[in-house]
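Only heavy atoms go into these numbers, but all of them, side chains included; no hydrogens, no water, no symmetry mates. A quick note: this is a predicted structure, and the numbers were derived from the prediction, not measured. Labels below follow one simple rule: chain letters A, B, ... track the order of the sequence lines, proteins then strands, and each chain is numbered from 1.
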Number of protein chains: 2
Amino acid sequence: MEPELGVATAAPLGPGAPVVAIDVGGTTIKAAALTSDGRLSEPLRVPTPVRGPDSAERVLDVVGQLVGELSATPADAPRAVGLALPGIFDDETGVGHWSENLGWKGVDFSALTARRFALPVALRHDVRAAAYAERRLGAARDAATALVVLIGTGVSAALFIGETTHVARGYAGEIGHAVVVPGGEKCLCGNRGCLEATASAAAVVRRYERLTGAVVPGASAVLALADSGDTAAGQIWESALDALAFGLAHAISLVAPDVIVLGGGVAEAGDTLIRPLQARLEELVRIQPVPRLTRAHFGQDAGLYGSALAARDLLGSEAGA
Amino acid sequence: MEPELGVATAAPLGPGAPVVAIDVGGTTIKAAALTSDGRLSEPLRVPTPVRGPDSAERVLDVVGQLVGELSATPADAPRAVGLALPGIFDDETGVGHWSENLGWKGVDFSALTARRFALPVALRHDVRAAAYAERRLGAARDAATALVVLIGTGVSAALFIGETTHVARGYAGEIGHAVVVPGGEKCLCGNRGCLEATASAAAVVRRYERLTGAVVPGASAVLALADSGDTAAGQIWESALDALAFGLAHAISLVAPDVIVLGGGVAEAGDTLIRPLQARLEELVRIQPVPRLTRAHFGQDAGLYGSALAARDLLGSEAGA
């Protein structure tokens, strides 16, 4: 039976099967247990294995260890694993097409995890995992069409249409690599002026440091400087807002979402991000309604929540099959 | 039983219920009968009633007359009507939110047609009707995710994901009103530099005429001039290609379609459009596969074919209900 899921509280995921959730990032792997009463344990954090020819196997070694550690309570032994992976990842086939950070290409994680683990493993792209938490229980949960945009080291999106998460073999949602400033900042993808190269947290820091020669600890520091009247910081932040609005206006023109949920580090700016972005969209979007912009409900652990939900979904679909 | 639909031939829609298809444009209303063996009659063309306070009622008067004329063969009397309407139209509720050309706002065509007509009426947005013909029987028929883009007087798109046509209350697909040249050409929507204001057939003509003082009969004339070495025409055509590639690259970044079908008047340029567009997309799209670009299979009558299919679908779903 599908457990009834409550609203997000201290136990936001509601009662259901105990599972383990793991979110593989470029530098850190996070893992937590979801109990049968819907509580997520304090996440464990271990370094991601260094990129190499056998990265995928070494990441799965760590995943295996973490699942072991998080299975120590026999009363609430996990019945499935939710595993979020970075790069270009196809949630439907479980194939990791490509990861720049981890150096893999065309790895069949579905086959690998089936061979290695006794528990069923729900595989998801990291961005779609985090976005799925918002979709099911967070800020995107009541919208017919929802776009969840994560603005952190990169810029990525997940598109939900009705009950469907749009995957497109793993290639959907890469709005960070659409050009917003032709001939602009160089991007890791090889192009210039991509949204990610202009408005991600990393880009905001890099651009501010290059403009001023100063060193700042993160995008929030640039934003604080902008708030306190620093002209250079203000200029970088304004151009990041312009770029985000420009990219989002293109997304709106095509899919007309009811809501755009903003997550990732930059979204922690809250209204300082949302209000000027909304104002810019009112200018850019004329013949469609401007969607509601809202901050993500789940924070840094959204990927764990979404992976846990995916793991429970997997058990539900197996029971129903 | 769902009739088996053949490939597009002289009778591309295959055997099925006889229906009438009507496509309401800004200046002309086209209508044709689809026979039970899948042949579409030579379309009738009548002028669209002039915009006025009762445009919707007057358009439906004409629709009623056309259905009457096309029901003259008792052997193949239509069992449903497929009606394609312009503007911002919600295929799911049958509400015409807005039409600039016909001057209506918030008209419930579902209620109006139910009251006026004895036959069931399948209501569709004109662009989604034309695109639906491509989806079901044309150039978009085998793709998991397909984008059909019509480049004519305006620029609009229809997005198909699996079995779903994305409607978004009628607001989806308005890529013609995303900005591709900030501060560029004035657009009817009130903004500047929209794709439609830069690269539609109307924009190509308008921009060429303004640049040269010459008068040309249509976009294909500008293209022919560009081909023959006319510098001004070449410049306008290149900038239209740049704008189209830029807008399509944004769409690709978000939804990663397997195929982009290009229809409408400008797409009649065929390879002269598709080859340079493909080359530009290879430059702009780096971390995703560049979708296959292909010319629409159905021509000017795509809206009639799609409406006819929608009318048959409606009968099928009623029979199955």
Output for pair (A/N191 CG, B/I287 CD1), nearest 0.5 Å, gives 10.5 Å
Under 4.5 Å, heavy atom to heavy atom, which residues of residues 240-260 of chain A contact chain B? A/F246, A/G247, A/H250, A/A251, A/S253, A/L254, A/V255, A/A256, A/D258
Non-hydrogen atoms of chain B under 4.5 Å away: do they reach the side chain of A/I88, the backbone, both or neither? side chain
Using non-hydrogen atoms and a limit below 4.5 Å, what part of residues 92-100 of chain B faces chain A? none
Who in residues 165-181 of chain A is close to chain B, using a strict under-4.5 Å heavy-atom cut-off? A/H166, A/A168, A/R169, A/Y171, A/A172, A/G173, A/E174, A/I175, A/H177, A/A178, A/V179, A/V180
Can you establish whether the number of heavy atoms outside B/R275 located under 6.0 Å from its atom CZ is more than 12? no
Taking a cut-off of under 4.5 angstrom between non-hydrogen atoms, the residues of residues 144-155 of chain B near chain A are B/T145, B/L147
Looking at A/L188, I want to see if its CG is surrounded by more than 12 non-hydrogen atoms of other residues, nucleotides or ligands under 6.0 Å. no
